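Let me begin by presenting the structure, written as structure tokens, before commenting on it.
What you are looking at is a predicted structure, and each value in this text was computed from that prediction instead of being measured.
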Amino acid sequence: MKSFKKLALALVAAMTMSTIVVTPASANTVSVDVTTEISGTGAAASPFTIKVPSDNVVSVADTSTVTNNEALLLTATVVAGTPVTFTAVGANTRLVSAIGSTVSASAGSSSITVTPASTTASVYAYTTTTAASAVTVSVLGASTTLYLKGVAGPAYDLKMTIPSSGNISGKVTATFEVADIFGNAVADTVTVTTLGGATAGTVTADALVTGKYTSEISLPATAGTVAVGASITAPTSVPTIKLATTSQTAIVTVSDLTSALAAANAALAAEKSARDADKVAAAEALAAAVKTEQDKAAAAAVTAAAELVKANAEIATLKAEAVTAKAAADKALADATAAHAAELATVKADNAAAVAAMKKAFNSLARKWNKKNPSAKVALVK
């Protein structure tokens, strides 16, 4: 069954066949048909839904059965020779020109431009993720976008998370996550087994997260180790892109945590007591060291005070000696000055007496001369 609805620059898709109408700048009507049987309308709120190629081979298995298709056939009707560009938005959505037995999930590209000789240009779109992605069809400056998402493939990988230790007679919670070959979460049956006296509780699915499960593991009453294993059904086919992980095993160490806690508390108390003793010893040693240094400082202060007294006494003695020496020097200078003055006076007196005697002798001779030579008198010396 096919139905067609057309809107400019919009996509309306029916459950059995969808038609996209693009009105370009030239006003030519371009339609894009989705001719693969799918569910959804292609709008953002209701993406087309197709299977992911979990066997690593992309195929359009049946155009009449919604659940078997892994690709959308997109056909744009344009004027012959008009380039049409198909662009996938999202790393996990790819485009290929043709579908065959050799098209793998990693084939294709994010963009293909087709210039048809006739009036139709076609590509196939597929995705490996359950998250919504988009394909934009552009021609002559106009574009429209359709949305698609994948349906997860069969369970392929199992991941288990469980605490590595627990208390005797206690419980630990094991968490399991199931995904398909591309990492998409998928619902499946998880089987849990135990060894070493542990018992696994019912596996419960998470109410909000697809592919997530939990199981309470009851631990034995004696210390030791227990093994917890989990598995999912092995896939019917194992593509070469990666090996399946269908089982997980973990070892849980079971301990008497109460006794261990008591021992740990005792050890902690002993360590605290030892540290307190160390603190006391350190404080006493510090006090002793401080006192020793204080005593040394006090003794040094006493010695310094004695040295200061001695130095002050020596300074006083030196000052007294300096005063005495100055007084002696002043007296010696005064005595020398007085002696010099007396000696000078004596010399002056002697000189004056000598000069007087010489004058007297000269004047005596001059008188005698003048008496004998009245015409050639000599003046007397005063």
Side-chain angles (χ1 to χ4, degrees), residues 161 163-168 170 223 252-382:
T161 305
S164 60
S165 62
N167 191 22
I168 57 174
V252 179
T253 300
V254 182
S255 304
D256 184 351
L257 298 183
T258 302
S259 299
L261 180 60
N265 288 336
L268 183 62
E271 182 179 357
K272 182 179 182 302
S273 177
R275 289 184 178 180
D276 290 342
D278 290 342
K279 288 181 181 179
V280 171
E284 292 176 349
L286 178 61
V290 169
K291 187 177 184 307
T292 299
E293 292 301 321
Q294 289 176 339
D295 292 343
K296 288 181 179 180
V302 171
T303 301
E307 293 293 333
L308 179 60
V309 170
K310 181 179 178 182
N312 288 336
E314 291 178 351
I315 291 172
T317 300
L318 291 174
K319 285 182 178 180
E321 291 177 351
V323 170
T324 302
K326 183 176 183 303
D330 290 344
K331 182 177 184 307
L333 178 60
D335 291 347
T337 301
H340 179 70
E343 184 179 357
L344 182 61
T346 301
V347 170
K348 286 182 177 180
D350 290 345
N351 288 339
V355 169
M358 290 177 63
K359 286 181 179 181
K360 183 178 180 181
F362 178 81
N363 288 334
S364 179
L365 290 175
R367 287 186 185 96
K368 289 179 179 181
W369 170 269
N370 290 337
K371 187 176 181 180
K372 292 180 178 182
N373 302 289
S375 57
K377 287 183 178 181
V378 179
L380 296 177
V381 177
K382 295 180 180 181

Original post:
Rounded to the nearest 0.5 Å, what separation is found between the CG atom of Asn370 and the CZ atom of Arg367?
Top reply: 9.5 Å
Original post:
Say you draw a straight line from CG of Leu308 to OG1 of Thr303; how long is it, rounded to the nearest 0.5 Å?
Top reply: 12.5 Å
Subject >> Glu314 CD to Asn312 CG distance, which is reported to the nearest 0.5 Å >> reply: 9.5 Å
Subject >> Straight-line distance of Arg275 CZ to Leu268 CG, nearest 0.5 Å >> reply: 8.0 Å
Original post:
What pair of heavy atoms forms the shortest contact from Lys382 to Lys359, and how long is it?
Top reply: O-NZ, 2.8 Å
**OP:** Please examine the side chains of Lys368 and Lys371, heavy atoms only from C-beta on, and report whether any two atoms are closer than 4.5 Å.
**Re:** no
Original post:
Do the side chain of Thr346 and the main chain of Ala342 share a donor and acceptor less than 3.5 angstrom apart?
Top reply: yes
Original post:
Are any side-chain N or O atoms of Thr337 and backbone N or O atoms of Leu333, one a donor and one an acceptor, separated by less than 3.5 Å?
Top reply: yes
**OP:** Could you tell me the separation between the NZ atom of Lys348 and the CG atom of Leu344, rounded to the nearest 0.5 Å?
**Re:** 4.5 Å
**OP:** Heavy atoms only: give me the nearest Ala366-Leu380 pair and the separation to one decimal.
**Re:** CB-CD2, 3.5 Å
**OP:** Indicate the atoms forming the closest heavy-atom contact of Asn167 with Thr258, along with that distance.
**Re:** OD1-N, 4.2 Å
Original post:
Rounded to the nearest 0.5 Å, what separation is found between the CD atom of Glu343 and the CG atom of Asp350?
Top reply: 10.5 Å
**OP:** Identify the two heavy atoms, one from Ala223 and one from Ser255, that lie closest to each other, and give their separation to 0.1 Å.
**Re:** CB-CA, 4.3 Å
